S.K.: 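Have a look at this one before I ask anything.
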Amino acid sequence: MSQQLSEQEILRRESLVALREMGIEPYPAARYEASHFSTDILEGFEKQEDDEVWTSVKLSGRIMTKRIMGKASFLDVMDSKGRLQVYLNRDILCPDENKDLYNVVFKRHLDIGDFIGITGKVFRTKMGEITIEADSLTVLSKSLKPLPIVKKDEEGNVYDAFTDPEQRYRMRYVDLVVNDHVKETFITRSKIMTAMREFFNRHDYLEVETPILQPIPGGAAARPFITHHNALNIPLYLRIANELYLKRLIVGGFEGVYEFAKDFRNEGMDRTHNPEFTAMEIYVAYKDYFWMMEFTEQMLEHVVKTVHNGKTEVSFGGTKLNFKAPYARVSMRDAILEHTQFDIDGKSEEELREACKKMGVEVDSTYGKGKLIDEIFGEKCEPKYIQPTFITDYPVEMSPLCKKHRENPEYTERFELMINGKEVANAYSELNDPIDQRERFEEQVKLAEKGDDEAMFIDQDFLRALEYGMPPTSGMGIGIDRLTMMLTDNASIQEVLFFPQMKPENKEEKKVELNENEKLISSLLEPETSYALSEIKEKAGLSNKQWDKSLKGLNQKEVTKVEKTESGLFIRLA
RNA sequence: GACUCAGUAGCUCAGCUGGUAGAGCAUCUCCCUUUUAAGGAGAGGGUCCAGGGUUCGAACCCCUGCUGAGUCACCA
């Protein structure tokens with residue numbers, strides 16, 4: 001499989017060979033340990049310029065720009081924390097007669113993107129920039145493909161940014177190198193998860209891991225991915241949720257368990273859905289959903305403060321979101337009443353269907369009561385909740401794993417946390433009555449028979465676990481990707497996933513063989529002879545387009561050569 | 001899945017009414033020992049996403065396909 005190399009790629013490969021010929025290994029094995037990160041030097045030198053340590057520092061990273069001025073050069077070196085300018089002076093770097101390290105290795109054979117290590121002393125340039133004056137330079141790794149060059153001027157305006165989303169997502173490694181803010185997003189994502197974990201651990205809850213490959217995909221309503229286990233010869237599903245396994249652990253006697261889980265759903269993709277995504281679910285024994293609301297708002301306030309330097313307010317797409325606890329609590333009935341003047345309380349399926357029609361909410365004949373109410377809420381209310389708001393008490397039909405409301409069995413003890421019109425968290429007083437749970441599953445089976453392809457399966461083992469007894473428990477799930485979007489001001493889930501799902505690239509193999517038309521043309525030519533182009537065109541008898549394409553192809557493949565002389569255009573075999 | 005937009009040099013983009021492609025950065029050569037979007041002089045670099053069609057002639061018009069983005073639909 002040969003690939004066509006660009007001019008710049010060929011030159012870099014030539015530099016690679018040249019370095020080896022000079023006895024410099026472009027991919028050395030030895031470790032190279034920097035004394036400081038770039039940011040340490042910048043901040044430290046700013047604080048105390050006369051500190052001894054600045055007379056000898058060691059830095060490693062990627063060359064991001066080269067500014068050569070004859071016998072001296074400046075380059076920006078980027079390490080994992082940031083960038084630092086390096087000053088290369090020919091006679092300081094090469095105090096002896098031999099100036100090859102500067103003239104040949106650096107100027108000729110090192111490129112933007114290469115990794116180097118340098119040692120030297122820190123100083124401030126005439127222009128006031130903190131810089132390392134290098135007294136040694138070590139090649140650490142050669143880069144064979146040119147990076148996109150992104151430039152910034154004094155005012156911070158960005159030029160030639162690497163912005164094509166397709167290329168950025170497919171080549172995230174390049175995106176991360178040249179777009180600083182991308183790295184920031186993922187650092188924040190990590191901080192969010194660390195802050196949550198820290199909050200849970202402080203409460204002595206246990207981080208656990210449960211199966212991703214499940215014989216029955218439970219805990220949510222969604223279409224699963226299916227796979228097959230050869231040795232057992234059974235189908236297995238990739239989990240759509242980990243809820244039922246975590247509850248089994250509460251049955252087993254843990255006080256609180258949580259898991260950051262990769263879930264998989266075989267559904268459409270758009271800017272808020274990726275086939276695999278991360279959900280955090282937590283279950284705590286002897287609690288109810290009222291407790292969980294307080295726990296959730298405190299946890300979120302803690303997370304937001306941690307990633308935003310103590311502030312609870314974040315800006316998302318121009319709107320300000322404030323995560324300071326407590327959050328508003330609105331029951332689903334009140335929400336719908338407020339936004340549509342329709343009271344869902346005590347209504348039959350028919351009445352609800354009629355109401356949907358009146359409101360212009362599209363419904364399907366397969367929808368049950370719960371689904372109808374959900375449609376009304378989704379259409380008329382959901383987008384209205386911008387600031388964090390708990391929507392509580394969902395209809396019983398749409399919450400088959402949730403305990404019935406202690407005051408009204410039509411509803412459940414459930415809340416969802418809405419932020420910016422989107423569902424971010426979902427929580428219950430968990431259903432622990434095994435007989436009720438079995439009946440709810442059976443309701444789901446009826447829905448499935450009606451044609452609802454998302455209705456839940458009956459998980460007999462889960463029911464058995466409940467029959468052994470589960471303490472009253474509250475559970476909560478939160479979408480890490482969507483939360484990260486909100487806290488990093490990104491409108492697309494692809495921006496908060498390192499490697500969002502994409503269609504495969506499937507680049508066609510480049511055809512080196514000649515096609516029929518190209519063969520025809522070359523067959524009309526004898527070696528060492530020139531022909532008038534028009535003559536061959538006539539003989540070939542191809543359409544103008546075909547002739548044009550074929551001739552271009554032949555020239556590209558260096559089979560033929562077209563020459564222009566005073567007497568006209570001529571073609572011959574190359 | 002529907003609609004809209006886009007795909008041109010390594011990167012960011014121009015390209016008029018159809019006349020075989022341009023700029024900046026990057027690359028190469030030369031000059032330049034504190035520059036910083038370094039500068040000056042010169043040079044090279046293209047499957048104009050792919051395949052058909054219309055035309056004397058297509059990056060441009062038409063059709064089909066591929067890829068991506070946006071909006072909507074679906075999806076807690």
Side-chain angles (χ1 to χ4, degrees), chain A residues 4-12 14 64-76 83 85-93 102 108 111-113 123-129 131 133 145-170 174 178 220-223 240-241 265-273 275 362 364 370-371 374-375 377-378 382 394 398-399 416 418 422-426 453-454 477 479 482 491-492 494 502-508 510-511 543-549 551-553 555-557:
Chain A
Q4 203 73 37
L5 293 178
S6 71
E7 185 195 21
Q8 292 189 50
E9 288 174 298
I10 291 164
L11 283 161
R12 283 175 181 230
E14 285 169 5
M64 294 308 284
T65 68
K66 274 173 98 180
R67 293 183 289 279
I68 298 176
M69 296 164 303
K71 296 179 187 66
S73 300
F74 286 93
L75 46 153
D76 291 347
R83 293 175 186 223
Q85 180 168 266
V86 172
Y87 175 60
L88 285 190
N89 180 301
R90 188 192 65 178
D91 298 322
I92 294 171
L93 188 65
Y102 182 79
R108 195 177 295 270
D111 297 293
I112 290 171
F123 75 111
R124 205 182 276 271
T125 65
K126 279 181 189 168
M127 299 301 290
E129 180 155 350
T131 302
E133 179 188 275
K145 278 187 180 294
L147 284 171
I149 310 288
V150 181
K151 298 218 168 189
K152 244 189 235 175
D153 69 13
E154 262 174 48
E155 281 131 40
N157 298 314
V158 178
Y159 298 85
D160 303 331
F162 180 63
T163 52
D164 179 14
E166 176 172 5
Q167 293 206 65
R168 287 183 47 231
Y169 302 151
R170 286 195 194 281
V174 175
V178 303
R223 288 217 302 276
I240 54 175
R265 296 187 184 176
N266 204 344
E267 291 165 350
M269 290 162 58
D270 61 29
R271 68 186 197 293
T272 56
H273 295 81
E362 276 185 48
D364 203 274
K371 187 94 173 161
D374 188 37
E375 286 296 318
F377 179 77
E382 202 172 75
Y394 283 61
M398 55 188 292
S399 312
E416 287 194 356
M418 312 299 303
K422 298 266 157 51
E423 172 213 335
V424 172
N426 182 20
D453 58 0
E454 289 184 346
R482 290 188 187 173
S492 163
Q494 295 169 105
M502 305 279 279
K503 282 196 191 178
E505 272 183 275
N506 91 63
K507 267 191 185 157
E508 277 175 51
K510 276 173 188 148
K511 292 171 212 153
S543 76
N544 286 309
K545 184 105 175 181
Q546 303 267 23
W547 163 257
D548 189 57
K549 284 272 175 208
L551 199 62
K552 276 182 184 167
N555 290 335
Q556 187 75 34
K557 290 160 195 165

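Since the model is a prediction, treat every value here as computed from it, not as a measurement. Worth knowing before you read on, the calculation uses all heavy atoms, side chains too, and leaves out hydrogens, waters and symmetry mates. Lettering follows sequence order; numbering is per chain, from 1.
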S.K.: Nearest of B/U34, B/A37, B/G10 to any side-chain atom of A/K126?
M.R.: B/U34
S.K.: Indicate, with a heavy-atom threshold strictly under 4.0 Å, whether A/F123 touches base, sugar-phosphate, or nothing.
M.R.: base
S.K.: Which is true for A/D374 with a 4.0 Å heavy-atom rule: it touches a base, it touches only sugar-phosphate, or it touches nothing?
M.R.: nothing
S.K.: Say we look at B/U54 and B/C60: how far apart would their C1' atoms be, to the nearest angstrom?
M.R.: 13 Å
S.K.: Under 4.0 Å: is that the gap between some side-chain N or O of A/K71 and OP1 or OP2 of B/U33?
M.R.: yes
S.K.: Hey, are the side chains of A/Q494 and A/M502 touching, using non-hydrogen atoms and a 4.5 Å cut-off?
M.R.: yes
S.K.: Could you tell me the Watson-Crick or G-U partner of B/U36, where both distances fall under 3.5 Å? Say none if there is no partner.
M.R.: none
S.K.: I need the OH-P distance between A/Y87 and B/U35, as an integer number of Å.
M.R.: 9 Å
S.K.: Looking at B/C11, B/A76, B/U34, which one has an atom nearest to any side-chain atom of A/F162?
M.R.: B/C11
S.K.: Using a cut-off of 4.0 Å on non-hydrogen atoms, how would the nucleic acid contact of A/Q494 be classed: base, sugar-phosphate, or nothing?
M.R.: sugar-phosphate
S.K.: Report the base-pairing partner of B/U29 (Watson-Crick or G-U wobble, both distances below 3.5 angstrom), or none.
M.R.: B/A41
S.K.: Would you say a side-chain N or O of A/K151 is under 4.0 Å from OP1 or OP2 of B/A26?
M.R.: yes
S.K.: Near A/K66 NZ, under 6.0 Å, is it more than 12 heavy atoms from other residues, nucleotides or ligands?
M.R.: yes
S.K.: If we call it a pair only when both distances are under 3.5 Å in a Watson-Crick or G-U wobble match, what pairs with B/A6?
M.R.: B/U67
S.K.: Rounded to the nearest Å, what distance is computed from the CG atom of residue A/N266 to the P atom of nucleotide B/A76?
M.R.: 13 Å
S.K.: So, do A/L88 and A/L75 sit near enough that their side-chain heavy atoms are less than 4.5 Å apart?
M.R.: yes
S.K.: On a whole-Å scale, what distance lies between the C1' atoms belonging to B/A26 and B/G44?
M.R.: 13 Å
S.K.: Please state the C1' separation for the pair B/C3 and B/C56 - nearest whole angstrom.
M.R.: 38 Å
S.K.: Pick the C1' atom in B/C72 and in B/U17, then give their distance to the nearest Å.
M.R.: 36 Å
S.K.: So what's B/G1 paired with, Watson-Crick or G-U wobble, going by both distances under 3.5 Å?
M.R.: B/C72
S.K.: Taking 4.0 Å as the cut-off, does a side-chain nitrogen or oxygen of A/R83 come that near to OP1 or OP2 on B/U36?
M.R.: no
S.K.: Using whole Å, report how far CZ of A/F74 lies from C1' of B/U35.
M.R.: 5 Å
S.K.: Over how many whole Å does the gap from A/I68 atom CD1 to B/C30 atom P extend?
M.R.: 11 Å
S.K.: Which part of the nucleic acid does A/R168 contact within heavy-atom distance under 4.0 Å: base, sugar-phosphate only, or nothing?
M.R.: nothing
S.K.: B/G18 and B/C75: how far apart are their C1' atoms, nearest whole angstrom?
M.R.: 46 Å
S.K.: Contact class for A/D76 vs. all strands (heavy atom < 4.0 Å): base, sugar-phosphate, or nothing?
M.R.: nothing
S.K.: Roughly how many Å apart are B/G10 and B/G45, using the C1' atom of each and rounding to a whole number?
M.R.: 10 Å
S.K.: Looking only at side-chain atoms of A/D111, point me to the closest of B/G44, B/C74, B/C28.
M.R.: B/C28
S.K.: Give the nucleotide from the list B/C11, B/U12, B/C25 with an atom nearest to the side chain of A/P148.
M.R.: B/C11
S.K.: If you only use heavy atoms from C-beta on, which nucleotide in B/U27, B/U12, B/C72 is closest to the side chain of A/R271?
M.R.: B/C72
S.K.: So, do A/K145 and A/E9 sit near enough that their side-chain heavy atoms are less than 4.5 Å apart?
M.R.: yes
S.K.: Taking only the C1' atom of each, what is the distance from B/U8 to B/C49 in whole angstrom?
M.R.: 10 Å
S.K.: For atom P, what is the distance between B/C63 and B/A73, given to the nearest Å?
M.R.: 28 Å
S.K.: Taking the nucleotide of RNA chain B with the nearest heavy atom to each, does A/P146 or A/T65 sit closer to the 5' end?
M.R.: A/P146
S.K.: Round to a whole Å and report the spacing from CD of A/E423 to P of B/C75.
M.R.: 14 Å
S.K.: Under 4.0 Å between a side-chain N or O of A/R67 and OP1 or OP2 of B/C32?
M.R.: no
S.K.: Determine whether any donor atom in the side chain of A/Q85 lies under 3.5 Å from an acceptor atom in the base of B/U35, or the reverse, and answer yes or no.
M.R.: yes
S.K.: In whole Å, what is the span from the CE atom of A/M269 to the P atom of B/A69?
M.R.: 8 Å
S.K.: From the list B/A37, B/G44, B/U12, which nucleotide is the closest neighbour of the side chain of A/D160?
M.R.: B/U12
S.K.: Using modelled atom types and a 3.5 Å cut-off, is there a donor and acceptor pairing between side-chain atoms of A/R67 and backbone atoms of A/F74?
M.R.: no
S.K.: Which nucleotide in the set B/U36, B/G10, B/C13 lies at the smallest distance from any side-chain heavy atom of A/Q8?
M.R.: B/G10
S.K.: Grab the CD-P distance between A/E9 and B/G46 for me, whole Å please.
M.R.: 13 Å
S.K.: Going by purine N1 to pyrimidine N3 plus the second Watson-Crick contact, or the G-U wobble pair, all under 3.5 Å, which nucleotide sits opposite B/A23?
M.R.: B/U12
S.K.: Now, which nucleotide makes the Watson-Crick or G-U wobble pair with B/C60, with each of the two distances under 3.5 Å?
M.R.: none
S.K.: Ignoring backbone atoms, test whether A/K503 places a side-chain nitrogen or oxygen under 4.0 Å from the OP1 or OP2 oxygen of B/U67.
M.R.: yes
S.K.: Report the distance from atom CZ of A/R108 to atom C1' of B/U27, rounded to the nearest whole Å.
M.R.: 13 Å
S.K.: Please examine the side chains of A/V174 and A/F162, heavy atoms only from C-beta on, and report whether any two atoms are closer than 4.5 Å.
M.R.: yes
S.K.: Is any side-chain N or O of A/K371 closer than 4.0 Å to OP1 or OP2 of B/A76?
M.R.: yes
S.K.: For the base of B/C74, is there a side-chain donor-acceptor partner from A/D270 under 3.5 Å away?
M.R.: yes
S.K.: Regarding A/R265, tell me which of base, sugar-phosphate or nothing describes its non-hydrogen contacts under 4.0 Å with the strands shown.
M.R.: nothing
S.K.: Starting the side chain at C-beta, find the nucleotide from B/A69, B/U36, B/U27 nearest to A/P165.
M.R.: B/A69
S.K.: Are any of the side-chain heavy atoms of A/D111 and A/P146 separated by less than 4.5 Å?
M.R.: no
S.K.: Could you check which of B/U34, B/A26, B/C75 has an atom nearest any side-chain atom of A/M69?
M.R.: B/U34
S.K.: Is there side-chain contact between A/M64 and A/Q85, with heavy atoms separated by less than 4.5 Å?
M.R.: no
S.K.: Does a nitrogen or oxygen in the side chain of A/Q167 sit under 4.0 Å from OP1 or OP2 of B/G68?
M.R.: no
S.K.: If you only use heavy atoms from C-beta on, which nucleotide in B/U33, B/U35, B/U27 is closest to the side chain of A/L11?
M.R.: B/U27
